[in-house]
Visitor: 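Here it is: the structure, laid out below.
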Number of protein chains: 2
Amino acid sequence: MKSQEICPRFEAAISLLGQRWTGLIIHQLMDEPKRFGQLTEEIGISGRLLSERLKNLEGDGLVERTVHPETPVRIEYSLTEKGASLQPVMKEIERWSQNWIESAETAESTP
Amino acid sequence: MKSQEICPRFEAAISLLGQRWTGLIIHQLMDEPKRFGQLTEEIGISGRLLSERLKNLEGDGLVERTVHPETPVRIEYSLTEKGASLQPVMKEIERWSQNWIESAETAESTP
DNA sequence: TATAATCAGTTACAAATAGTAAGTAGATGG
DNA sequence: CCATCTACTTACTATTTGTAACTGATTATA
């Protein structure tokens with residue numbers, strides 16, 4: 001009668017991806033490095049949260065921050081190997097969403 | 001200079017999976033139907049939130065609720081076809097976590 | 001020399017969501 | 001009548017998110 005335990009690695013992965021914005025940030029960095037302002041615009045996240053998430057992702061070794069000392073300063077965020085290796089996960093989510101999410105489900109404001 | 005827009009279907013999928021507990025609940029229902037109490041124990045989620053999440057997942061058509069009028073009543077939650085079709089996503093997350101999450105990262109309380 | 005603009009954040013505070021613990025309802029069993 | 005079981009609710013607190021204004025370094029414009 002023992003309860004089926006969840007693999008701690010899987011749990012750790014889910015607690016990464018199961019946090020708001022994190023999946024989208026990784027997805028947007030999948031193809032090319034991006035800048036802070038670019039990410040806020042594309043994702044629609046506030047600076048406060050993007051900053052927080054990027055710090056966490058850096059801490060987890062998924063994202064790398066590169067400073068280009070031009071004028072004005074240009075800072076690029078890119079995926080590390082660990083981050084890039086999430087591509088198959090992203091691709092499967094994409095595939096699933098194409099097959100199972102209806103366009104109606106994506107609508108939000110039609111007053 | 002147009003900003004790369006995110007596919008609304010993908011966004012919808014991420015907003016499902018990118019919510020706390022949702023991924024774990026789906027994962028735990030992948031192999032077999034489960035009861036409310038079983039899920040709370042296995043996942044470590046409170047009754048309040050499990051109840052809320054299950055309702056949302058039912059509303060999204062991912063989970064089905066079946067009442068067995070025995071005594072005491074037995075209620076089982078199972079994945080619909082839509083929910084079950086997330087298996088490849090779950091498998092990829094599992095694979096990634098096996099390759100990239102270190103056992104140290106899963107530790108939490110070592111005072 | 002002011003004034004404004006750009007980028008990458010930070011800060012302060014209100015609103016929404018999550019967590020905790022106790023309570024409810026319906027059906028038995030003693 | 002009281003206790004037990006399962007599947008939830010409710011009331012309340014704590015944490016997380018969202019919003020909007022602000023900082024600081026550097027340079028362009030009036």
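Because the structure is predicted, anything quoted here is derived from the model rather than measured.
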Visitor: Mind checking side chain to side chain contact (heavy atoms under 4.5 Å, CB included) for A/E92 and listing every partner two or more places apart, or none if nothing turns up?
Guide: A/R95, B/P88, B/V89, B/E92
Visitor: State the NZ-CG distance between B/K82 and A/N99, to the nearest 0.5 angstrom.
Guide: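 B/K82 atom NZ to A/N99 atom CG measures 11.5 Å (nearest 0.5 Å).
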Visitor: So, does B/K55 get its side chain near the phosphate of D/dA7, meaning an N or O under 4.0 Å from OP1 or OP2?
Guide: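 Answer is no, no contact under 4.0 Å.
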Visitor: With A/K91, which residues qualify under salt bridge (Lys or Arg N to Asp or Glu O under 4.0 Å), at least two apart?
Guide: A/E94
Visitor: Angle between the two end axes of the helix from C/dT1-D/dA30 to C/dG30-D/dC1, five base pairs per end, rounded to 10 degrees?
Guide: 30°
Visitor: Holding to side-chain hydrogen bond (donor to acceptor under 3.5 Å, both in side chains), I want the full list of residues that pass it with B/E70, two or more places apart in sequence or in another chain.
Guide: B/R74
Visitor: Which heavy atom in B/H68 sits nearest to a heavy atom in B/V73, and how many Å separate them?
Guide: O-CG2, 3.7 Å
Visitor: Could you go through the salt bridge (Lys or Arg N to Asp or Glu O under 4.0 Å) check for B/E102 and A/R9 one step at a time?
Guide: CA-CA 7 Å; B/E102 311 193 33; A/R9 288 176 209 256; over 6 Å; no
Visitor: With rounding to the nearest 0.5 angstrom, report the OH to CG distance, A/Y77 to A/L54.
Guide: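 Here the interatomic distance stands at 5.0 Å.
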Visitor: Report the distance from atom CD of B/Q19 to atom CD1 of B/I25, rounding to the nearest 0.5 Å.
Guide: 9.0 Å
Visitor: If the sugar-phosphate is the primed atoms plus P, OP1 and OP2 and the base is the rest, what is the B/S/- string for nucleotides 13-24 of chain D, using protein heavy atoms under 4.0 Å?
Guide: ----BBB-----
Visitor: Starting at CG of B/L39 and ending at P of D/dA7, how long is that distance when rounded to a whole Å?
Guide: 10 Å
Visitor: Hey, where on DNA chain C does chain A first and last touch, going 5' to 3'? Cut-off is any atom under 4.0 Å from a heavy atom.
Guide: C/dC7 to C/dA12
Visitor: What integer distance in Å separates A/E70:CD from D/dA25:C1'?
Guide: 15 Å
Visitor: Heavy-atom distance under 4.5 Å between the side chains of A/E76 and A/F36, does that happen here?
Guide: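 No. Closest side-chain heavy atoms not under 4.5 Å.
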Visitor: Would you call A/K34 and A/E42 a salt bridge, taking side-chain N to carboxylate O under 4.0 Å as the test?
Guide: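 Judged by the 4.0 Å cut-off on N to carboxylate O distance, A/K34 and A/E42 do form a salt bridge.
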